[in-house]
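Sequence lines set the chain letters: A, B, ... in the order given, protein chains first and strands last, and positions in each chain run from 1. All values derive from a computational prediction rather than experimental measurement. Basis for what follows: all heavy atoms, side chains included, without hydrogens, waters or symmetry-related copies.
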Amino acid sequence: MTVRTRFAPSPTGYLHIGGVRTALFCWLYARRFKGTFVLRIEDTDRERSTGEAIQQILDGMKWVGLDHDEGPFYQTQRFDRYKAVLESMLDQGTAYRCYCSKDELEQMRTAQTARGEKPRYDGRCRNRTSAPAGAPFVVRFKNPLDGEIVVEDVVHGPVVFKNAELDDLIIARSDGTPTYNFCVVVDDMDMRITHVIRGDDHLNNTPRQMNMLIALQSPPPVYAHLPMILGSDGAKLSKRHGAVSVLQYRDEGFLPEALLNYLVRLGWSHGDQEIFSRQQMLELFDIVDVNKSASAFNGEKLAWLNQQHIMRAQPARIVEPLKWHLQQLGVTADSDAQLELIVLAQRERAKTIKEMAANSVFFFKAPAAYDEKAVRKHVNAEIVALLRELSGRLSTLTPWSAEAIHESINAFAVQMGQSLGKLAQPIRLAVTGGAVSPPIDATLAILGQQQALARIAAACDAWSA
RNA sequence: GCUCCCUUCGUCUAGUGGCCUAGGACAUUGCCCUCUCAAGGCAAGUACACGAGUUCGAAUCUCGUAGGGAGCGCCA
């Protein structure tokens with residue numbers, strides 16, 4: 001039997017972290033076992049589903065690189081099929097028409113709640129023989145009255161439900177449209193899904209779905225209910241901490257591989273290993289290693305992982321996103337070769353590509369001003385004189401490489417009886433305007449001889465005035 | 001309220017009866033390295049929710065308690 005998994009978001013909002021984690025586990029499991037990953041859009045709620053949300057989900061999935069083999073399938077395009085299954089269930093007596101009004105149901109529920117019972121449908125239309133002519137009705141699934149149904153969940157182990165606890169759920173509304181739990185069952189059956197991997201907020205739906213599958217004489221799939229992801233405060237994920245569109249992480253300068261690495265470690269681990277490439281996740285992931293408890297989202301660890309991935313990536317990999325972030329800051333960079341050098345120089349001092357871009361603007365724009373506090377600390381007349389002299393030497397330096405620059409400055413410092421630090425900081429101020437940058441030799445090398453010398457000269461002039 | 005699920009450092013986790021005076025990672029603090037900032041290295045503090053039981057021995061098994069979460073819609 002080949003593995004078939006599915007990710008089935010409902011397009012009522014953007015694709016967020018929780019959704020991506022679910023998708024990731026489905027995708028990983030399918031890929032790991034050479035199976036098929038199906039994407040299905042659950043858009044039966046026409047009120048809340050939007051085309052924009054669908055596009056967002058597709059874009060998000062694409063960005064993180066979770067590619068599907070089949071789909072996307074849309075439930076709204078399968079209504080005929082649902083209708084057919086509905087009819088056959090009615091015919092076979094595994095479903096029945098219920099004529100109870102919403103008011104009647106509401107009364108029933110309040111009465112039950114008042115008695116301290118779980119609100120549920122009491123099955124009063126279950127054995128109805130006469131149908132009120134022309135009255136509106138819903139269709140309910142005829143759930144078994146007694147016995148037990150056990151969900152053999154891969155992450156939770158066996159979970160037992162008494163059928164008596166389950167009521168007859170509505171599978172078609174009075175307007176004839178099918179409801180979620182029913183569509184899921186028909187879809188999973190039709191799409192021959194072998195492993196249903198989803199959030200554990202669905203665990204309570206599972207026994208009903210299994211009962212329907214049994215009624216349809218279709219063997220239930222394997223279930224794996226994933227623990228939830230909580231916000232950083234331990235409460236439900238909200239916009240404050242993570243429940244934003246996954247695409248926002250792209251815009252904040254995160255690498256998709258870092259995000260996936262972070263997410264895969266929420267509820268899953270492989271010994272003490274923290275950093276996983278996409279390839280390693282694929283080789284090591286198994287749903288049976290997933291743990292049961294919910295986990296809190298931690299942005300700091302995500303940021304750390306992001307930096308780790310930035311540092312490990314081929315510099316060329318970072319060039320495109322870096323360009324994009326620079327563009328956002330009004331800088332157009334065209335030399336990929338130079339950008340690769342910038343990545344090399346900056347990657348251990350930026351947690352995100354956005355931050356890297358912000359730290360790198362000076363390579364493209366001469367400083368408009370100099371950090372006053374730093375100038376006071378590092379610059380005086382003597383230093384300016386030294387810089388002018390050093391500048392003269394650097395003007396004849398060839399090749400203009402980091403090594404050569406380092407040697408030249410070092411030799412000059414020794415000759416003048418100065419420490420390298422005494423000289424490096426003022427040079428840094430002159431060329432960047434601030435007190436922080438990559439090593440001064442690399443910084444000057446990337447800047448280019450002409451630009452570096454021009455900036456030093458300009459600074460000396462400014463500081464002499 | 002009822003049903004179901006969950007419970008190891010602040011956070012993510014290792015751990016499946018003796019290797020645990022509980023390991024790793026993020027974060028925090030200190031030190032080292034050092035031209036700045038980082039990165040890196042080293043070190044420190046911090047956890048088995050609680051209570052019974054089983055056992056020679058329990059973070060690991062059982063039961064109870066507490067706390068947290070989910071579900072109980074003509075939403076998905």
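- Closest contact between the side chain of V436(A) and the listed nucleotides A76(B), C37(B), C35(B) involves C37(B).
- Residue Q308(A) has its side chain nearest to G40(B) when only G40(B), A76(B), C12(B) are considered.
- Checked by distance alone, R120(A) brings no side-chain donor or acceptor within 3.5 Å of a matching partner on the base of C72(B).
- Rounding to the nearest 0.5 Å gives a distance of 13.0 Å between CD1 of I446(A) and CD of Q451(A).
- A straight line from CZ of F297(A) to P of U13(B) spans 13 Å, rounded to a whole angstrom.
- The interatomic distance linking R349(A) (CZ) with G40(B) (P) rounds to 12 Å, in whole Å.
- When the nucleotides G24(B), C26(B), C5(B) are ranked by their closest atom to the side chain of R265(A), G24(B) comes out on top.
- Among the nucleotides G40(B), G1(B), U7(B), the one closest to the side chain of P119(A) is G1(B).
- You'll find that the side chain of Q425(A) is closest to U36(B), out of A39(B), U36(B), U11(B).
- Checking C12(B), C37(B), U8(B) against every side-chain atom of S293(A), the shortest atom distance belongs to U8(B).
- Distance from the side chain of M311(A) is smallest for A39(B) among the nucleotides A39(B), C35(B), A76(B).
- For the pair C100(A) and Q307(A), both in contact range of RNA chain B, the more 5′-proximal nearest nucleotide belongs to Q307(A).
- L24(A) is listed as a side-chain neighbour of M281(A), based on a closest heavy-atom distance under 4.5 Å.
- In terms of the side-chain contact (heavy atoms from CB on, under 4.5 Å) criterion, A84(A) has no residue partners (sequence neighbours excluded).
- Using cut-offs of 30° and 60° for the angle between ring planes, the F25(A) and F285(A) rings count as tilted.
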Output, in order, the C-alpha distance, side-chain angles, deciding distance and verdict of side chain to side chain donor-acceptor pair (under 3.5 Å) for Y96(A) and D168(A).
CA-CA 9 Å; Y96(A) 62 93; D168(A) 293 342; 2.6 Å; yes

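- Position along RNA chain B of the nearest nucleotide to L105(A) versus F161(A) favours F161(A) as the more 5'-ward residue.
- Between the CG atom of D201(A) and the P atom of C6(B) there is a distance of 15 Å, given to the nearest Å.
- Heavy atoms of S174(A) sit under 4.0 angstrom from at least one base atom.
- U46(B) and G10(B) have their C1' atoms separated by 9 Å, with the value rounded to a whole Å.
- C74(B) is unpaired under the criterion used here, namely a Watson-Crick or G-U wobble arrangement in which both key atom distances are under 3.5 Å.
- Backbone-only contact: K292(A) has heavy atoms under 4.0 Å from sugar-phosphate atoms and none from a base.
- Taking the charged nitrogens against the carboxylate oxygens, K162(A) and D146(A) have no contact shorter than 4.0 Å, which rules out a salt bridge.
- In this structure, A43(B) forms a base pair with U29(B), meeting either the Watson-Crick or the G-U wobble geometry with both donor-acceptor distances under 3.5 Å.
- The side chain of R109(A) contributes an N or O atom lying less than 4.0 Å from OP1 or OP2 of C74(B).
- Taking a pair to require two hydrogen-bonding distances under 3.5 Å in either a Watson-Crick or a G-U wobble arrangement, C37(B) remains unpaired.
- Under a cut-off of 6.0 angstrom, the local environment of NZ in K142(A) is crowded, with over 12 non-hydrogen atoms contributed by other residues, nucleotides or ligands.
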Measure all distances between protein nitrogen or oxygen atoms and nitrogen or oxygen atoms of nucleotides 14-16 of chain B, and list the pairs falling under 3.5 Å.
{"residue": "A14(B)", "atom": "OP1", "partner": "S269(A)", "partner atom": "OG", "Å": "2.9"}

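- The shortest distance between the side-chain N/O atoms of K351(A) and the OP1/OP2 oxygens of A39(B) is below 4.0 Å.
- Considering only heavy atoms from C-beta on, Y121(A) comes within 4.5 Å of C98(A) through its side chain.
- For Q346(A), no side-chain nitrogen or oxygen approaches OP1 or OP2 of U36(B) to under 4.0 Å.
- With both ends at atom C1', the span from U8(B) to A47(B) equals 6 Å, rounded to whole Å.
- In the set A27(B), G73(B), U7(B), the nucleotide with an atom closest to the side chain of E300(A) is A27(B).
- The base of G24(B) sits within donor-acceptor range of the side chain of E274(A), with an N or O pair under 3.5 Å.
- The side chain of E165(A) approaches C2(B) more closely than any other nucleotide in the set C4(B), C2(B), C74(B).
- Nucleotide G69(B) holds its C1' atom 15 Å from the NE2 atom of H202(A), rounded to whole Å.
- Between F254(A) and the choices Y262(A), Y249(A), W304(A), the ring-ring contact (aromatic ring centres under 6.0 Å, His included) rule is met once, by Y249(A).
- Nucleic acid contact class of M228(A) (heavy atoms, under 4.0 Å, all strands): none.
- Across all strands shown, A52(B) forms a Watson-Crick or G-U wobble pair, both distances under 3.5 Å, with U62(B).
- Pair check for U21(B) finds none; no Watson-Crick or G-U wobble contact set falls under 3.5 Å.
- For the pair L169(A) CG and C74(B) C1', the computed distance is 11 Å after rounding to whole Å.
- A heavy-atom distance below 4.5 Å is not found between the side chains of L322(A) and Q346(A).
- Within 3.5 Å, no donor on the side chain of S437(A) pairs with an acceptor on the base of C37(B), nor the reverse.
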